[in-house]
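The figures that follow rest on heavy atoms only: side chains count, while hydrogens, waters and symmetry mates do not. A, B, ... follow the sequence lines: proteins, then strands. Residue 1 opens every chain. It should be emphasised that the depicted structure is a prediction, and the values quoted were computed from it without experimental measurement.
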Number of protein chains: 2
Amino acid sequence: MLNLFETAHISASKKRILNSALILFVEKGFFSTSIPDLVRHSGVSTGSIYHAFKDKESLATQLMQHLLETIEAEQLDVLGQHTGVKARYFALVRWMLQFAERYPEAEQFILYARHKEFMPGLAPICSSKPFMILRDVIQEGQDEGVLRPMDVMVASSIAYGSVLRLIQLSLDGVLTTPLMSHFDELTEAAWRALAVETSD
Amino acid sequence: MLNLFETAHISASKKRILNSALILFVEKGFFSTSIPDLVRHSGVSTGSIYHAFKDKESLATQLMQHLLETIEAEQLDVLGQHTGVKARYFALVRWMLQFAERYPEAEQFILYARHKEFMPGLAPICSSKPFMILRDVIQEGQDEGVLRPMDVMVASSIAYGSVLRLIQLSLDGVLTTPLMSHFDELTEAAWRALAVETSD
DNA sequence: GTCTATACTCAGATAGAC
DNA sequence: GTCTATCTGAGTATAGAC
């Protein structure tokens, strides 16, 4: 699998620890992953783990922050390559599906983790920048009159809830076909629900 | 809040333990809820908890099974009161929103809990009966030609992913307006995405 | 910065009286 | 069936050499 931390500006040990933590936290869960588990998987000793991170909770928090920053950067990159609400929405959904296919562990960690359970200091995921970026595209479409006027939370739930649900089904192994193979069907249906006119 | 276990045919102690477990598991999480926590909250002693349940994991599993059975019964009740795909879909979504409003803890436990993390013996939630009942309504609509022909998983994601997302936003405190106030907007938008004809 | 060895805490589970 | 008291082991985190 691809390593999300390869290009980050952090020490080699930190990278290995973060990478192992991501894999083990998703596979076994935060609480069922012990420090000895991390030592075995990463090849880094207990002492070095505690040298790099204050404690286990801080490790999880930094992992999440790193993932959210990466995601935000990719989203802004996608937005920079497209103009107009329809193109932007379709491109963002494409990116969401592709990200889930490329980095399934990262996707699972972000979507599934009960963050407040072991990262009480971190803001809830729904308040994070990446989720606001998604919502703002919908708001923008409503302001421009391209999307039907409706509660922006409801519109966002239609626009992205369906996508996240499909991703979840795929991560859970219920959906066995490739995520991207459903891109057209999914986006066209969602667009039909949201857009003012059916023909474009 | 309403007690979901009041009418169940189980001993008084079991009811109190299950009720406390539901509340604490949602509030603090499974692993951060200790047996002493449960003893304090439920007023039932350690010995009695272990008399009623094999271990902590079994307690969580039985809690989940009980919730799923209750939900399945309510869903079948809703289906029995309606015929035709449109009426059934709308009624099911109404029930979903109302259930989340009445039993937020139960809803959170079912939606958020990383089940495989502490209930490895239980089938994943997406394979559970309640989720199959929801999907079958969509399948039925496609077979009848009322809904557009498309991958049933994609259609289900549109139909229910949007609803579940809105419920999640509400449970997370991001959506502050009552869930049911969005019923019309939500169902009409989803129906527009799924149905063969826009006017009914 | 990295490691090994170790101390300390506390949760899960049991024993056995009532 | 309910309780109190207790055991045991696992896991986090630290100390201190290299």
Consider the side chain of [X], meaning its heavy atoms from C-beta on, and name the nucleotide among [options] that approaches it most closely.
X: Thr46(B); options: dA13(D), dT14(C), dA11(C); answer: dT14(C)
X: Ile35(A); options: dA11(C), dT12(D), dT14(D); answer: dT12(D)
X: Val44(B); options: dC3(D), dG12(C), dA5(D); answer: dC3(D)

Whole-Å distance separating the [atom1] atom of [X] from the [atom2] atom of [N]:
X: Phe118(A); N: dT12(D); atom1: CZ; atom2: P; result: 13 Å
X: Ile49(B); N: dA13(C); atom1: CD1; atom2: P; result: 11 Å
X: Leu38(A); N: dC3(C); atom1: CG; atom2: P; result: 14 Å
X: Ile10(B); N: dG1(D); atom1: CD1; atom2: C1'; result: 16 Å
X: Lys56(B); N: dG12(C); atom1: NZ; atom2: P; result: 4 Å
X: Lys54(A); N: dA13(D); atom1: NZ; atom2: P; result: 8 Å
X: Phe53(B); N: dT14(C); atom1: CZ; atom2: C1'; result: 18 Å
X: Phe31(A); N: dC10(C); atom1: CZ; atom2: P; result: 15 Å

NA contact type, [X], heavy-atom cut-off 4.0 Å: base, sugar-phosphate, or nothing?
X: Thr33(A); answer: sugar-phosphate
X: Ser45(A); answer: base
X: Ser48(A); answer: base
X: Ser13(B); answer: sugar-phosphate

Check whether any side-chain N or O of His51(A) sits under 4.0 Å from OP1 or OP2 of dG1(C), and answer yes or no.
->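 Result: yes.
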Hey, which sits more toward the 5' end of DNA chain D by its nearest nucleotide, Gly47(B) or Ser32(A)?
->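 This one resolves to Gly47(B).
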Is the backbone N or O of Ile35(B) less than 3.5 Å from a side-chain atom of Lys56(B), with the two atoms forming a donor-acceptor pair by type?
->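 Checking the backbone N and O of Ile35(B) against the side chain of Lys56(B), no donor-acceptor pair under 3.5 Å is found.
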Is a donor on one side and an acceptor on the other found under 3.5 Å between the side chain of Ser127(A) and the backbone of Ala123(A)?
->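 It does not hold such a pair.
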Can you tell me if Asp37(B) and Ser34(B) form a side-chain donor-acceptor pair at under 3.5 Å?
->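 Side chains of Asp37(B) and Ser34(B): pair found under 3.5 Å.
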May I ask you to check whether Phe109(B) and Tyr103(B) place their ring centres under 6.0 Å from each other?
->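 Ring-ring flag for Tyr103(B)/Phe109(B): false, centres at least 6.0 Å apart.
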Considering the options Phe30(B), Phe118(B), Phe31(B), which one meets the ring-ring contact (aromatic ring centres under 6.0 Å, His included) requirement together with Phe31(A)?
->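 Only one of Phe30(B), Phe118(B), Phe31(B) forms a ring-ring contact (aromatic ring centres under 6.0 Å, His included) with Phe31(A), namely Phe31(B).
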